[in-house]
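This report refers to the structure that appears directly beneath it.
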Amino acid sequence: MTGAPQADLVIVANRLPVDRVTQPDGAVSWRPSPGGLVTALEPVLRANDGAWIGWPGSADDDEFEPFEENGLSLIPVAMSAQEVEEFYEGFSNGTLWPLYHDVIAKPEFHREWWDSYVSVNQRFADRAAEVAAEGATVWVQDYQLQLVPQMLRARRPDLRIGFYLHIPFPPAELFSQLPWRRQILEGLLGADLIGFQLPGAAANFVRLVRSRVGHKTHRDTIYLPDGRPVKATAFPISIDTAGFEELARSEAVAERAAEIREALGNPRRIFLGVDRLDYTKGIYSRLRAFGELVRDGHLDVEDAVFVQVATPSRERVEQYRILRDEIEMLVGRINGDYGKIGNPAIHYLHNSYPREEMAAFYRAADIMVVTPFRDGMNLVAKEYVACRFEDDGALVLSEFAGAAQELRQAWLVNPYDIDGMKSALMDAFAAEKRETSRRMRAMRRTVVQNDVAKWAADFLRELEELPEHHDKTVRRSRSS
Ligand code: ADQ
């Protein structure tokens, strides 16, 4: 490819940190879609002649030339409509996503989806091989691109390659269902450093490599027969804590939070859920728990209200459409049965909001309810904590969210246990100010000390410092 910059740091992610907008006259422009990842990586990218490779988010056979946006070098990778269906909606979100989340939904295995996964991964790897300068660092992100490390190393052995998995890595008993399990493990082993959210996920991976690929391992290190060590370890991701706190402290957000409370009728307590509309997030069970508390008279709709923000997500995938219908039916039923004029029990918003509005929701809410069945980390829980600068507010958190390993002072719940969730919701509802402050103060300390900038710096430092060779004598791997 011509015109691609030679970068010393390359991020390879499924999505570019911008959205493509087509004007009515057909002209194309780009709108930044700022997420935690780009906030964290922007300073390092600027300091290192960095580039970001990713899909612009719409099906198109046209290749776009690399371009600069806010001083960041962006390199679009195109995908056809068929690839969006087979690689993205299919293998990534219909096979890997449910498989890696405890098989909460049944993963589908289709050979055409796999073929598409291989060819799209190859395209990303080829682009990275062209863009990276001699000896550069390439950091590949997430489950859509697990073959890229190996494909890239085959073309560019001079590179330092890191990989980070944002979602859980399943235990061998589940991962082994995957017909292409060996290829995925070998794909990842192309990296020098593989980062996971939790130590347990890293341990699952190392164990699988030992049993399925047959490499020698010791703790978090895998010794490849060609003399290269691979490290697999945990780097729990975080948020731009200071940025969220600053937003929450602002006059505009304080006013907006007051407006939200007012619009809800100034109830004594506001419960809040904020999730992508995904079956892993446990939205249905959580609303059922709340509905039963209202039904049984433990909560009164003039006293307590639930606001559920559900971000539209993967709307072309069948399972997501079914889930949306189920949740909307439940909300309708609960409001129909227990709501009063001007006082519905649940306010349901199926929409995306700017960061300021999210911060206002977090400030307005007394009890944040985060109850996924399985979640790599869950940034919403950390964002809520970052916004509670007055050390108040309660967090009800699933023990199956990665965040539960750090936010120990939350009201921890098992999301499969509706009665358990009901008592946790009531405990958080009734908690004394002293109790909520004690818990929130401790959680805030954790989130302030471990922000996303530290996460990125820790990962990149570790990647730089890893030895290139090991001195272990190891035999050739066997086939599984
Ligand atoms: P997600 O599954 O998307 O992320 P999460 O970690 O909660 O889950 O991040 C969601 C992000 O979207 C948050 O920053 C939140 O503020 C934002 N958001 C949610 N609803 C919104 C709305 N209606 N409008 C605007 N913004 C909204 C995956 C993994 C997680 C892991 C992250 C990061 O599934 O486990 O924590 O990646 O690694």
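Counting starts at 1 for both ligands and their atoms, in listed order. Note that the numbering runs from 1 along the sequence shown for the chain.
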**Q.** Element-labelled atoms of ligand 1 that are located less than 4.0 Å from some non-hydrogen atom of Gln197
**A.** 31 (C), 38 (O)
Q | Glu357, portion touching ligand 1 at heavy-atom distance under 4.0 Å | A | neither
(Q) Applying a heavy-atom cut-off of 4.0 Å, say which part of Arg355 lies close to ligand 1: side chain, backbone, both or neither. (A) neither
Q | Aromatic contact, His101 with Trp97 (centres under 6.0 Å) | A | yes
Q | Gln141 contact mode with ligand 1 (heavy-atom cut-off under 4.0 Å) | A | neither
Q: State, yes or no, whether a side-chain contact exists between Gln146 and Tyr117 at a heavy-atom distance under 4.5 Å.
A: yes
Q.
For a side-chain hydrogen bond (donor to acceptor under 3.5 Å, both in side chains) check, start with the C-alpha distance between Thr280 and Arg374, then their side-chain angles and the critical distance, and finish with the verdict.
A. CA-CA 6 Å; Thr280 59; Arg374 182 60 72 192; over 6 Å; no
Q.
Are there over 12 heavy-atom neighbours, none belonging to Arg15, within less than 6.0 Å of that residue's CZ?
A. yes
Q | Flag if over 12 foreign heavy atoms under 6.0 Å of CD, Glu251 | A | no
Q: Examine the side chains of Gln308 and Asp275 and answer whether a donor and an acceptor come within less than 3.5 Å of each other.
A: yes
Q: Report yes or no: does Arg261 contribute a side-chain atom to a donor-acceptor pair with the main-chain N or O of Ile270 at less than 3.5 Å?
A: no
Q: Just jot down the ligand 1 atoms closer than 4.0 angstrom to any heavy atom of Val380, in number order.
A: 7 (O), 15 (C)
Q. Of all the non-hydrogen atoms in the protein, which one sits nearest to atom 27 (C) of ligand 1, and at what distance?
A. Met358 CE, 3.6 Å
Q: State whether the number of non-hydrogen atoms from other residues, nucleotides or ligands found under 6.0 Å of Arg207 atom CZ is greater than 12.
A: no
Q: Below 4.0 angstrom from a heavy atom of Val274, which ligand 1 atoms are there? Numbered from 1 as shown, please.
A: 19 (C), 20 (N)
Q: Using distance alone, decide if ligand 1 has a nitrogen or oxygen within less than 3.5 Å of any nitrogen or oxygen in Arg276.
A: yes
Q) Strictly under 6.0 Å, is that where the ring centroids of Tyr164 and Trp455 end up? A) yes
Q.
Is there a polar contact, in the sense of an N or O pair closer than 3.5 Å, between Ile237 and ligand 1?
A. no
Q. Backbone N or O of Val380 within a donor-acceptor pair of the Asn378 side chain at under 3.5 Å?
A. yes
Q: Mark yes or no: Arg439 above the aromatic ring of Trp411, with NZ or CZ under 6.0 Å from the six-membered ring centre and no more than 45 degrees from the axis.
A: yes
Q | Protein heavy atom under 4.0 Å of atom 4 (O) of ligand 1 | A | no
Q: For atom 24 (N) of ligand 1, grab the closest protein heavy atom and report residue, atom and distance to one decimal in Å.
A: Tyr353 N, 2.7 Å
**Q.** Nearest-neighbour protein heavy atom for atom 8 (O) of ligand 1, which is reported as residue plus atom name and distance
**A.** Lys281 NZ, 3.2 Å
Q | Sub-4.0 Å heavy-atom contact, Trp97 with ligand 1 | A | yes
Q.
To check your reading of the model: name the closest protein heavy atom to atom 6 (O) of ligand 1, its residue, and the distance in Å.
A. Leu379 N, 2.8 Å
Q.
Between Ser92 (side chain only) and Phe87 (backbone N and O only), is there a donor and an acceptor less than 3.5 Å apart?
A. yes
Q.
Strictly inside 4.0 angstrom of atom 10 (C) of ligand 1, do you find any protein heavy atom?
A. no
Q: Give the atoms of ligand 1, by number and element, whose distance to some non-hydrogen atom of Gly376 is under 4.0 Å.
A: 35 (O)
Q: Could you tell me if the ring centre of Tyr279 sits under 6.0 Å from that of Tyr320?
A: yes
Q | ligand 1-proximal atoms of Asp278, by part, heavy-atom distance under 4.0 Å | A | neither
Q: Please indicate whether any nitrogen or oxygen in Thr311 is less than 3.5 Å from any nitrogen or oxygen in ligand 1.
A: yes
Q.
Can you name the atoms of ligand 1, numbered from 1 with element, that are less than 4.0 Å from a heavy atom of Asn351?
A. 22 (C), 23 (N)
Q) Are any of the heavy atoms in Tyr362 under 4.0 Å away from ligand 1? A) yes
**Q.** Protein non-hydrogen atom found under 4.0 Å from atom 13 (C) of ligand 1
**A.** yes
Q.
With a heavy-atom distance limit of 4.0 Å, tell me whether Met377 approaches ligand 1 through its side chain, its backbone, both, or neither.
A. both
Q | Heavy-atom nearest neighbour in the protein, as seen from atom 37 (O) of ligand 1, with distance rounded to 0.1 Å | A | His166 CB, 3.9 Å
Q.
Could you check whether atom CZ of Arg316 has more than 12 heavy atoms from other residues, nucleotides or ligands sitting under 6.0 Å from it?
A. no
Q. Which residue supplies the protein heavy atom nearest to atom 16 (O) of ligand 1, what is that atom called, and how far is it?
A. Glu383 OE1, 2.6 Å
Q | N/O separation below 3.5 Å, Ala310 to ligand 1 | A | no
Q. Can any side-chain N or O of Asn204 pair as donor or acceptor with the backbone N or O of Ala172 at less than 3.5 Å?
A. no
Q) What protein heavy atom sits nearest atom 35 (O) of ligand 1, and how far away is it? A) Asp375 OD1, 2.6 Å
Q. Does Arg444 make a cation-pi contact with Phe389, if we ask for NZ or CZ under 6.0 Å from the ring centre and within 45° of the axis?
A. no
Q: Heavy-atom contacts with Val309 under 4.0 Å: which atoms of ligand 1 show up? List them by number with element.
A: 23 (N)
